[in-house]
Protein chains: 2
Amino acid sequence: MAGTDTTGLEQMICFELHAASRAMTSLYRPALEALGLTYPQYLALRVIWHRGRLTVRDLGAALRLDSGTLSPLLKRLEHQGLIHRQRGTDDERTVWISPTPAGAALEHRVADLPHRLACALDLTIEEFTQLHHLLTRIRGAAATASTI
Amino acid sequence: MAGTDTTGLEQMICFELHAASRAMTSLYRPALEALGLTYPQYLALRVIWHRGRLTVRDLGAALRLDSGTLSPLLKRLEHQGLIHRQRGTDDERTVWISPTPAGAALEHRVADLPHRLACALDLTIEEFTQLHHLLTRIRGAAATASTI
DNA sequence: GCCACTTCAGTTGTGCACAACTCAATCGCG
DNA sequence: CGCGATTGAGTTGTGCACAACTGAAGTGGC
């Protein structure tokens with residue numbers, strides 16, 4: 001790749017990635033708004049549903065977000081009665097997160113979202129796989145390079 | 001695609017897209033920070049450099065951003081002395097944007113960023129093309145569907 | 001046991017994204 | 001021409017992302 005003129009593509013990729021991410025969020029917004037959720041809250045809940053009970057630290061590792069972002073987000077989810085937060089007893093630095101019954105019940109109400117999204121995007125399984133592969137590569141490169 | 005179980009892939013895609021977009025921003029951040037720019041400001045400047053002189057409306061159309069986002073961003077670029085803003089004379093609703101000499105000079109200082117990004121990502125031309133195609137599809141689907 | 005070091009969650013401040021809104025300028029129909 | 005509808009930029013308020021920081025809790029070397 002070095003030595004090749006990629007200026008045109010880079011321009012498109014860096015912008016298109018940004019735009020596609022926002023477009024995806026817009027696709028979800030109406031459905032999530034009906035449940036009183038934002039897109040990042042939905043992503044956090046998916047991890048919480050999957051894991052059942054985890055620390056803020058582990059949620060941050062899964063979502064690649066720090067406590068500066070998660071603390072206020074989790075405070076809002078707790079305020080909505082969707083999750084439970086409680087200090088660890090053995091290690092009082094950690095905070096354990098778990099869904100409340102109301103929070104757990106919400107999982108059923110978003111159960112069809114993945115399918116509806118897949119239909120809306122209208123990509124083949126191969127395209128999904130390709131996309132996933134490429135996005136993972138970008139995240140891997142960012143983690144490795146740390147800067148350009 | 002309808003009727004296929006895509007739950008697993010969707011989960012990954014919706015999160016991976018979000019994470020990859022943030023990772024890309026992180027890759028650029030150190031280089032842009034040295035110039036006093038944020039990533040959205042950089043994207044806006046690319047359009048401004050390319051077009052030379054355009055209205056806030058046209059910049060918003062190019063970036064898919066509304067005046068609510070652009071007005072404060074452009075105010076900061078103007079305050080840094082990188083762009084010029086002036087009301088149109090024939091139509092006083094419009095505001096024309098153009099780079100100042102300092103703003104135009106900045107283009108040379110980011111000239112190698114695309115190449116450095118391409119090297120860091122280490123994708124082939126085919127992969128870049130694939131990625132661009134898939135991201136465009138997502139944006140297109142979002143524009144068409146408007147909701148899922 | 002003591003103390004420097006690290007870890008974890010939370011806070012503060014800045015900037016972006018977006019909805020909802022304001023307000024002036026312009027347009028277009030009758 | 002007159003006036004309602006539309007357009008363009010800006011403002012306000014909410015939430016997310018992230019850097020930089022705080023402070024309490026735990027850890028390890030001595």
Side-chain angles (χ1 to χ4, degrees), chain A residues 15 18-30 32-34 36-45 54-61 63-80 83 85-97 142 146-147, chain B residues 15 18-30 32-34 36-45 54-61 63-80 83 85-97 142 146-147:
Chain A
F15 167 68
H18 193 68
S21 176
R22 289 188 290 125
M24 177 83 84
T25 304
S26 295
L27 265 182
Y28 274 100
R29 188 171 295 115
L32 294 177
E33 206 165 54
L37 293 177
T38 64
Y39 186 67
Q41 287 168 9
Y42 167 70
L43 293 179
L45 278 175
L54 78 173
T55 65
V56 172
R57 182 192 122 82
D58 290 339
L59 181 60
L63 295 170
R64 272 81 183 178
L65 291 171
D66 64 10
S67 65
T69 300
L70 287 178
S71 286
L73 185 151
L74 294 172
K75 199 187 287 182
R76 282 184 282 270
L77 287 181
E78 185 184 38
H79 198 259
Q80 287 183 258
I83 63 165
R85 282 201 296 172
Q86 91 185 96
R87 284 275 162 193
T89 48
D90 54 330
D91 186 343
E92 289 189 19
R93 289 172 306 178
T94 65
V95 168
W96 289 88
I97 301 160
S146 87
T147 183
Chain B
F15 167 68
H18 193 68
S21 176
R22 289 188 291 125
M24 177 81 85
T25 304
S26 295
L27 265 183
Y28 275 99
R29 186 171 296 114
L32 295 177
E33 206 164 56
L37 293 177
T38 64
Y39 186 66
Q41 287 168 9
Y42 167 69
L43 293 178
L45 278 175
L54 79 173
T55 65
V56 172
R57 182 192 122 83
D58 290 340
L59 180 60
L63 295 170
R64 272 82 184 178
L65 292 171
D66 64 9
S67 65
T69 300
L70 287 178
S71 287
L73 186 150
L74 293 172
K75 199 186 288 181
R76 282 184 281 269
L77 286 181
E78 186 184 37
H79 198 258
Q80 287 183 258
I83 63 166
R85 282 199 298 172
Q86 91 183 98
R87 285 274 162 192
T89 48
D90 53 330
D91 185 343
E92 291 189 18
R93 290 171 305 179
T94 66
V95 167
W96 289 89
I97 301 161
S146 86
T147 182

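Naming convention: chains lettered A, B, ... in sequence-line order (proteins, then strands); numbering from 1 in each chain.
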Going by the rule side chain to side chain contact (heavy atoms under 4.5 Å, CB included), which residues pair with B/Val95 if we only count those two or more places apart in sequence or in a different chain? B/Val56, B/Arg85, B/Arg87
Its contact letters, B for base, S for sugar-phosphate only and - for none at protein heavy atoms under 4.0 Å, make nucleotides 3-8 of chain D read ----BS
For A/Gln80, which residues count as a side chain to side chain contact (heavy atoms under 4.5 Å, CB included) partner, sequence neighbours excluded? A/Gln41, A/Leu77, A/Leu82
Does A/Asp90 reach a base, just sugar-phosphate, or nothing at all? Heavy atoms under 4.0 Å. sugar-phosphate
side-chain hydrogen bond (donor to acceptor under 3.5 Å, both in side chains) involving B/Tyr39 - partner list, sequence neighbours excluded: none
A/Arg22 side-chain N/O to C/dC18 phosphate OP1/OP2 under 4.0 Å: yes
Would you indicate, yes or no, if C/dG10 has its OP1 or OP2 atom less than 4.0 angstrom from a side-chain nitrogen or oxygen of A/Arg85? yes
Output the rounded distance in Å from CZ (A/Arg29) to C1' (C/dA17). 8 Å
Please list, chain by chain and in numerical order, all residues satisfying side chain to side chain contact (heavy atoms under 4.5 Å, CB included) with A/Arg57, sequence neighbours excluded. A/Thr55
Rounded to whole Å, the CG-P distance (B/Leu65 to C/dA19) equals 11 Å
Expected rows: protein N/O vs nucleotides 11-15 of chain D N/O, under 3.5 Å:
{"residue": "D/dT11", "atom": "OP2", "partner": "B/Lys75", "partner atom": "NZ", "Å": "3.0"}

How would you list, by chain and number, every residue that makes a side chain to side chain contact (heavy atoms under 4.5 Å, CB included) with B/Glu92, sequence neighbours excluded? none
Taking salt bridge (charged side-chain N to carboxylate O under 4.0 Å, His left out) as the definition, give me every residue that meets it alongside A/Asp58, ordered by chain and number, with sequence neighbours left out. A/Arg51
Taking only residues two or more places apart in sequence, or in another chain, which ones meet B/Arg64 in a salt bridge (charged side-chain N to carboxylate O under 4.0 Å, His left out)? none
